[in-house]
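Position 1 is the first residue of the sequence; numbering continues from there. Keep in mind that this is a model prediction, so the values were computed, not measured.
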Amino acid sequence: MRFGPPPPDGGPRLQRNDRTGPRTGRPTLPGPATEVVTLPSGVRVEQLATGTGTPVTVFAHGLAGDIAGTRPLGSAVTGRRVFFHFRGHGRSDVPPGPWSFADLATDLRAVADLAGASRAVGVSMGAAALCRLIAETPARFERVVLYLPAPLDGTRAPASVQRLERLLASVESGEAAMIADAVEPEIPTAVRNTPAGWSFLRQRVEQLQRDGLAPEVASVWPEPALPDEAALKAFTGRALVLGCRGDETHPAAWAERIAALLNAELEVYDRPSIIWTSRNALRERISTFLNADRP
(Lines give C-alpha, C1' and ligand atoms only; values in the text may rest on other atoms or scores of the structure.)
Protein backbone atom coordinates (compact mmCIF):
# COMPACT_ATOMS: atom_id res chain seq x y z
CA MET A 1 0.00 0.00 0.00
CA ARG A 2 1.36 3.41 -0.94
CA PHE A 3 1.38 6.17 1.64
CA GLY A 4 0.10 9.31 -0.06
CA PRO A 5 0.11 12.95 1.03
CA PRO A 6 -1.88 14.06 4.07
CA PRO A 7 -5.51 15.05 3.56
CA PRO A 8 -6.39 18.76 3.27
CA ASP A 9 -7.05 19.07 6.99
CA GLY A 10 -3.44 18.12 7.71
CA GLY A 11 -4.37 14.81 9.35
CA PRO A 12 -2.26 11.66 9.28
CA ARG A 13 -1.61 9.97 5.95
CA LEU A 14 -3.22 6.71 6.97
CA GLN A 15 -5.27 5.48 9.89
CA ARG A 16 -5.36 1.73 10.46
CA ASN A 17 -8.24 -0.01 12.22
CA ASP A 18 -6.02 -2.94 13.19
CA ARG A 19 -3.07 -1.09 14.66
CA THR A 20 -0.79 -3.47 16.48
CA GLY A 21 1.76 -1.19 18.06
CA PRO A 22 3.69 -2.30 21.12
CA ARG A 23 1.30 -2.69 24.03
CA THR A 24 3.67 -3.43 26.87
CA GLY A 25 4.66 -0.83 29.42
CA ARG A 26 3.23 2.63 29.59
CA PRO A 27 1.64 4.01 26.43
CA THR A 28 3.57 6.75 24.70
CA LEU A 29 2.53 10.26 25.61
CA PRO A 30 0.97 12.32 22.83
CA GLY A 31 3.54 14.41 21.01
CA PRO A 32 3.43 18.19 20.86
CA ALA A 33 1.00 19.74 18.41
CA THR A 34 2.52 20.30 14.98
CA GLU A 35 1.23 22.25 12.00
CA VAL A 36 1.31 21.70 8.25
CA VAL A 37 2.56 24.74 6.35
CA THR A 38 2.55 25.34 2.60
CA LEU A 39 5.88 26.35 1.09
CA PRO A 40 6.14 28.68 -1.94
CA SER A 41 6.75 25.60 -4.11
CA GLY A 42 3.34 24.27 -3.11
CA VAL A 43 4.82 21.43 -1.07
CA ARG A 44 3.26 21.13 2.37
CA VAL A 45 5.51 20.19 5.28
CA GLU A 46 4.85 19.36 8.89
CA GLN A 47 6.67 21.50 11.41
CA LEU A 48 6.93 22.18 15.12
CA ALA A 49 7.99 25.52 16.59
CA THR A 50 9.19 25.79 20.19
CA GLY A 51 10.72 28.60 22.20
CA THR A 52 10.39 32.31 21.56
CA GLY A 53 12.40 35.28 20.42
CA THR A 54 15.60 35.41 18.44
CA PRO A 55 17.73 33.99 17.05
CA VAL A 56 15.61 31.47 15.15
CA THR A 57 17.17 28.08 14.40
CA VAL A 58 15.82 25.51 11.92
CA PHE A 59 16.54 21.80 12.41
CA ALA A 60 16.73 19.35 9.47
CA HIS A 61 16.57 15.61 10.25
CA GLY A 62 18.27 12.68 8.56
CA LEU A 63 17.04 10.04 6.13
CA ALA A 64 13.97 8.28 7.58
CA GLY A 65 14.31 10.50 10.66
CA ASP A 66 11.70 12.65 12.32
CA ILE A 67 11.07 15.74 14.41
CA ALA A 68 11.30 13.80 17.66
CA GLY A 69 14.79 12.65 16.77
CA THR A 70 16.14 16.17 16.25
CA ARG A 71 14.49 17.85 19.23
CA PRO A 72 17.14 16.71 21.75
CA LEU A 73 19.79 18.55 19.72
CA GLY A 74 18.01 21.85 20.32
CA SER A 75 16.85 21.43 23.90
CA ALA A 76 19.36 23.96 25.25
CA VAL A 77 19.42 26.31 22.26
CA THR A 78 18.03 29.77 23.00
CA GLY A 79 15.48 31.59 20.88
CA ARG A 80 12.83 30.05 18.64
CA ARG A 81 13.46 26.55 17.31
CA VAL A 82 11.73 25.21 14.20
CA PHE A 83 11.76 21.46 13.53
CA PHE A 84 10.22 20.07 10.35
CA HIS A 85 9.73 16.90 8.32
CA PHE A 86 11.26 16.73 4.87
CA ARG A 87 8.98 15.64 2.03
CA GLY A 88 8.00 11.98 2.36
CA HIS A 89 8.43 11.98 6.14
CA GLY A 90 5.82 12.49 8.85
CA ARG A 91 2.75 14.32 7.56
CA SER A 92 4.67 16.21 4.88
CA ASP A 93 3.67 15.91 1.22
CA VAL A 94 4.96 13.30 -1.20
CA PRO A 95 5.57 15.15 -4.50
CA PRO A 96 6.20 13.04 -7.60
CA GLY A 97 9.73 11.61 -7.65
CA PRO A 98 12.54 11.23 -8.21
CA TRP A 99 13.85 13.77 -5.72
CA SER A 100 17.27 15.36 -5.35
CA PHE A 101 19.29 17.22 -2.76
CA ALA A 102 18.34 20.36 -4.67
CA ASP A 103 14.71 19.61 -3.77
CA LEU A 104 15.58 19.02 -0.12
CA ALA A 105 17.64 22.21 0.00
CA THR A 106 14.69 24.11 -1.51
CA ASP A 107 12.38 22.76 1.21
CA LEU A 108 14.90 23.62 3.92
CA ARG A 109 15.42 27.12 2.56
CA ALA A 110 11.67 27.76 2.39
CA VAL A 111 11.10 26.60 5.98
CA ALA A 112 14.00 28.78 7.14
CA ASP A 113 12.72 31.80 5.19
CA LEU A 114 9.18 31.47 6.56
CA ALA A 115 10.53 31.21 10.11
CA GLY A 116 13.12 33.97 9.68
CA ALA A 117 15.87 31.57 10.75
CA SER A 118 19.44 32.83 10.86
CA ARG A 119 20.89 29.54 12.11
CA ALA A 120 20.50 25.91 11.08
CA VAL A 121 21.27 22.40 12.29
CA GLY A 122 21.43 19.52 9.82
CA VAL A 123 21.62 15.81 10.64
CA SER A 124 23.07 13.31 8.15
CA MET A 125 20.90 13.77 5.02
CA GLY A 126 19.72 17.08 6.49
CA ALA A 127 23.35 18.15 6.86
CA ALA A 128 23.98 17.34 3.19
CA ALA A 129 20.90 19.35 2.20
CA LEU A 130 22.19 22.21 4.34
CA CYS A 131 25.55 22.00 2.55
CA ARG A 132 23.71 22.28 -0.76
CA LEU A 133 21.86 25.36 0.49
CA ILE A 134 24.89 27.23 1.80
CA ALA A 135 26.90 26.33 -1.30
CA GLU A 136 24.23 28.08 -3.34
CA THR A 137 23.74 30.96 -0.88
CA PRO A 138 26.91 31.40 1.23
CA ALA A 139 25.49 34.25 3.30
CA ARG A 140 22.10 32.69 4.12
CA PHE A 141 22.96 31.62 7.70
CA GLU A 142 25.10 33.17 10.41
CA ARG A 143 25.80 29.84 12.11
CA VAL A 144 25.30 26.22 11.08
CA VAL A 145 25.84 22.87 12.78
CA LEU A 146 26.43 19.75 10.68
CA TYR A 147 25.88 16.67 12.82
CA LEU A 148 27.13 13.37 11.36
CA PRO A 149 27.08 14.77 7.81
CA ALA A 150 26.30 12.27 5.06
CA PRO A 151 28.81 11.91 2.20
CA LEU A 152 28.32 14.59 -0.44
CA ASP A 153 29.38 12.50 -3.44
CA GLY A 154 26.18 10.45 -3.71
CA THR A 155 27.64 7.29 -2.19
CA ARG A 156 26.01 5.33 0.61
CA ALA A 157 27.37 2.52 2.72
CA PRO A 158 25.80 -0.88 1.92
CA ALA A 159 24.55 -1.08 5.50
CA SER A 160 22.68 2.21 5.04
CA VAL A 161 21.08 1.00 1.81
CA GLN A 162 19.98 -2.25 3.42
CA ARG A 163 18.63 -0.47 6.49
CA LEU A 164 16.43 1.81 4.41
CA GLU A 165 15.17 -1.03 2.20
CA ARG A 166 14.21 -3.04 5.27
CA LEU A 167 12.54 -0.06 6.91
CA LEU A 168 10.52 0.79 3.81
CA ALA A 169 9.38 -2.83 3.46
CA SER A 170 8.34 -2.96 7.11
CA VAL A 171 6.39 0.29 6.87
CA GLU A 172 4.69 -0.97 3.72
CA SER A 173 3.58 -4.07 5.62
CA GLY A 174 2.03 -2.00 8.39
CA GLU A 175 3.02 -4.67 10.92
CA ALA A 176 4.31 -3.34 14.21
CA ALA A 177 6.60 -6.31 14.78
CA MET A 178 8.29 -5.87 11.40
CA ILE A 179 8.71 -2.12 11.94
CA ALA A 180 10.13 -2.72 15.42
CA ASP A 181 12.67 -5.21 14.02
CA ALA A 182 13.73 -2.65 11.41
CA VAL A 183 13.97 0.20 13.91
CA GLU A 184 15.71 -1.68 16.73
CA PRO A 185 19.22 -1.48 15.18
CA GLU A 186 19.02 2.31 15.64
CA ILE A 187 19.27 1.68 19.39
CA PRO A 188 22.64 0.71 20.92
CA THR A 189 22.63 -2.84 22.26
CA ALA A 190 23.25 -1.67 25.81
CA VAL A 191 20.13 0.54 25.71
CA ARG A 192 17.63 -1.76 23.99
CA ASN A 193 16.23 -3.35 27.13
CA THR A 194 16.03 -0.14 29.14
CA PRO A 195 13.02 2.15 29.66
CA ALA A 196 14.63 4.73 27.35
CA GLY A 197 15.12 2.14 24.62
CA TRP A 198 11.57 0.81 24.86
CA SER A 199 10.14 4.32 24.89
CA PHE A 200 12.06 5.25 21.74
CA LEU A 201 11.02 2.04 19.99
CA ARG A 202 7.33 2.50 20.81
CA GLN A 203 7.38 6.11 19.67
CA ARG A 204 9.08 5.29 16.37
CA VAL A 205 6.81 2.34 15.60
CA GLU A 206 3.67 4.35 16.33
CA GLN A 207 4.88 7.29 14.25
CA LEU A 208 5.80 5.13 11.26
CA GLN A 209 2.53 3.18 11.45
CA ARG A 210 0.56 6.40 11.61
CA ASP A 211 2.38 8.51 9.03
CA GLY A 212 4.32 6.06 6.89
CA LEU A 213 7.52 6.71 4.96
CA ALA A 214 7.51 7.44 1.22
CA PRO A 215 9.61 5.10 -0.97
CA GLU A 216 10.69 8.20 -2.93
CA VAL A 217 13.11 9.07 -0.12
CA ALA A 218 15.52 6.54 -1.62
CA SER A 219 15.59 8.44 -4.92
CA VAL A 220 17.68 11.29 -3.49
CA TRP A 221 20.78 9.19 -4.14
CA PRO A 222 23.00 8.43 -6.05
CA GLU A 223 23.38 11.99 -7.34
CA PRO A 224 25.93 14.12 -5.42
CA ALA A 225 24.51 16.51 -2.85
CA LEU A 226 26.14 19.46 -4.62
CA PRO A 227 27.91 19.82 -7.97
CA ASP A 228 31.13 21.30 -6.57
CA GLU A 229 32.24 20.81 -2.98
CA ALA A 230 34.64 23.74 -3.32
CA ALA A 231 31.62 26.07 -3.31
CA LEU A 232 31.43 25.52 0.46
CA LYS A 233 34.57 27.63 0.84
CA ALA A 234 32.48 30.73 0.10
CA PHE A 235 30.35 30.29 3.24
CA THR A 236 30.50 33.53 5.21
CA GLY A 237 29.12 32.36 8.56
CA ARG A 238 30.44 30.19 11.38
CA ALA A 239 30.17 26.41 11.25
CA LEU A 240 30.50 23.50 13.64
CA VAL A 241 30.92 19.97 12.27
CA LEU A 242 30.38 16.95 14.53
CA GLY A 243 31.64 13.57 13.38
CA CYS A 244 32.20 10.16 14.87
CA ARG A 245 34.75 7.39 14.53
CA GLY A 246 33.47 3.92 13.77
CA ASP A 247 30.26 5.08 12.06
CA GLU A 248 30.26 3.50 8.59
CA THR A 249 27.15 5.42 7.51
CA HIS A 250 28.73 8.77 8.43
CA PRO A 251 32.50 8.38 7.95
CA ALA A 252 34.58 10.66 10.13
CA ALA A 253 36.67 11.43 7.04
CA TRP A 254 33.68 13.22 5.52
CA ALA A 255 33.18 15.32 8.66
CA GLU A 256 36.84 16.32 8.48
CA ARG A 257 36.62 17.06 4.76
CA ILE A 258 33.54 19.27 5.11
CA ALA A 259 34.96 21.06 8.15
CA ALA A 260 38.08 21.94 6.17
CA LEU A 261 36.03 23.35 3.30
CA LEU A 262 33.93 25.47 5.66
CA ASN A 263 36.86 26.47 7.87
CA ALA A 264 34.66 25.11 10.66
CA GLU A 265 35.13 24.03 14.23
CA LEU A 266 35.40 20.23 14.24
CA GLU A 267 34.74 17.69 16.94
CA VAL A 268 35.01 13.95 16.29
CA TYR A 269 33.61 11.65 18.96
CA ASP A 270 35.24 8.32 19.72
CA ARG A 271 32.28 5.96 19.40
CA PRO A 272 28.99 5.75 17.48
CA SER A 273 25.47 6.43 18.78
CA ILE A 274 26.47 9.80 20.20
CA ILE A 275 22.86 10.81 20.84
CA TRP A 276 22.60 7.86 23.24
CA THR A 277 26.08 7.66 24.75
CA SER A 278 27.01 11.36 25.00
CA ARG A 279 23.70 13.20 24.86
CA ASN A 280 24.50 15.82 27.51
CA ALA A 281 27.91 16.60 26.02
CA LEU A 282 26.42 16.79 22.53
CA ARG A 283 23.61 19.08 23.64
CA GLU A 284 26.07 21.36 25.44
CA ARG A 285 28.43 21.49 22.47
CA ILE A 286 25.66 22.48 20.05
CA SER A 287 24.00 25.00 22.38
CA THR A 288 27.29 26.64 23.35
CA PHE A 289 28.10 27.18 19.69
CA LEU A 290 24.67 28.42 18.66
CA ASN A 291 24.07 30.55 21.75
CA ALA A 292 27.28 32.50 21.23
CA ASP A 293 27.17 36.13 20.23
CA ARG A 294 26.48 36.78 16.60
CA PRO A 295 29.60 37.03 14.45
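Considering every non-hydrogen atom in both L48 and I67, the closest pair reads CD2-CG2, 4.0 Å. Nearest heavy-atom pair across A255 and P149 is CA-CG, 4.0 Å. Residues V94 and G88 approach most closely at CG2-CA, 4.1 Å, considering heavy atoms. Of all the heavy atoms in G243 and I274, the pair that sits closest is O-CD1, 3.8 Å.
Using a 4.5 Å heavy-atom cutoff, the side chains of V220 and S100 are not in contact. The closest side-chain heavy-atom distance from L63 to R156 is below 4.5 Å. Using a 4.5 Å heavy-atom cutoff, the side chains of Y147 and L240 are not in contact. Contact check for L282 versus E284: no side-chain heavy atoms found under the 4.5 Å cut-off. No side-chain heavy atom of S92 sits less than 4.5 Å from a side-chain heavy atom of V43. Residues L73 and R283 form no side-chain contact, since every pair of their non-hydrogen atoms from C-beta on lies 4.5 Å or further apart. Contact annotation: the side chain of V268 never approaches that of C244 to less than 4.5 Å [non-hydrogen atoms, C-beta and beyond]. Proximity of L104 to R87: side-chain heavy atoms (C-beta onward) are separated by under 4.5 Å at one or more points.
Checking E46 against T34 by side-chain atom types alone, a donor-acceptor pair falls below 3.5 Å.
Under the 4.5 Å side-chain heavy-atom criterion for ILVMFWY residues, no single connected hydrophobic cluster contains both W198 and M178. If you chain together hydrophobic residues whose side chains sit under 4.5 Å apart, V161 and V217 never meet in one group.
Applying the side chain to side chain donor-acceptor pair (under 3.5 Å) test to every pair with at least one member in residues 244-257, sequence neighbours left out, gives these pairs: S124-H250, E229-R257, R245-D270, D247-H250. Screening residues 62-86 for salt bridge (Lys or Arg N to Asp or Glu O under 4.0 Å) gives D66-R204 as the qualifying pairs, with residues at least two apart or on separate chains. Applying the ring pair (Phe, Tyr, Trp, His ring centres under 6.0 Å) test to every pair with at least one member in residues 150-187, sequence neighbours left out, gives no pairs at all. Listed by first and then second residue, the ring pair (Phe, Tyr, Trp, His ring centres under 6.0 Å) pairs involving residues 60-84 are F59-F83, H61-H85, H61-F86, H61-H89, F84-F86 (not counting sequence neighbours). Counting only residues at least two apart or on different chains, the ring pair (Phe, Tyr, Trp, His ring centres under 6.0 Å) pairs with a member in residues 93-127 are F101-W221.
The pair R202-E206 fails the salt-bridge criterion, with no side-chain N (NZ, NE, NH1 or NH2) lying under 4.0 Å from an Asp/Glu carboxylate O. Salt-bridge annotation for E265 and R143: absent, with no side-chain N of the basic residue lying under 4.0 Å from a carboxylate O of the acidic one. The residues R163 and E186 are annotated as salt-bridged, a charged nitrogen and a carboxylate oxygen being separated by less than 4.0 angstrom. Salt bridge E142/R238: absent, no basic N to carboxylate O contact under 4.0 Å.
Atom-to-atom distance recorded for I286:CD1 and N291:CG is 11.0 Å, nearest 0.5 angstrom. Of the inter-residue distances, the one linking M125 atom CE with L130 atom CG reads 12.0 Å to the nearest 0.5 angstrom.
Other residues, nucleotides and ligands place more than 12 heavy atoms under 6.0 Å from the CG atom of D113.
Evaluation of the ring-ring contact (aromatic ring centres under 6.0 Å, His included) rule for W276 yields F200 as partners, not counting sequence neighbours.
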Legend entry - Pair C131-L146, side-chain contact (heavy atoms from CB on, under 4.5 Å): steps then yes or no: CA-CA 8 Å; C131 283; L146 305 175; 3.7 Å; yes
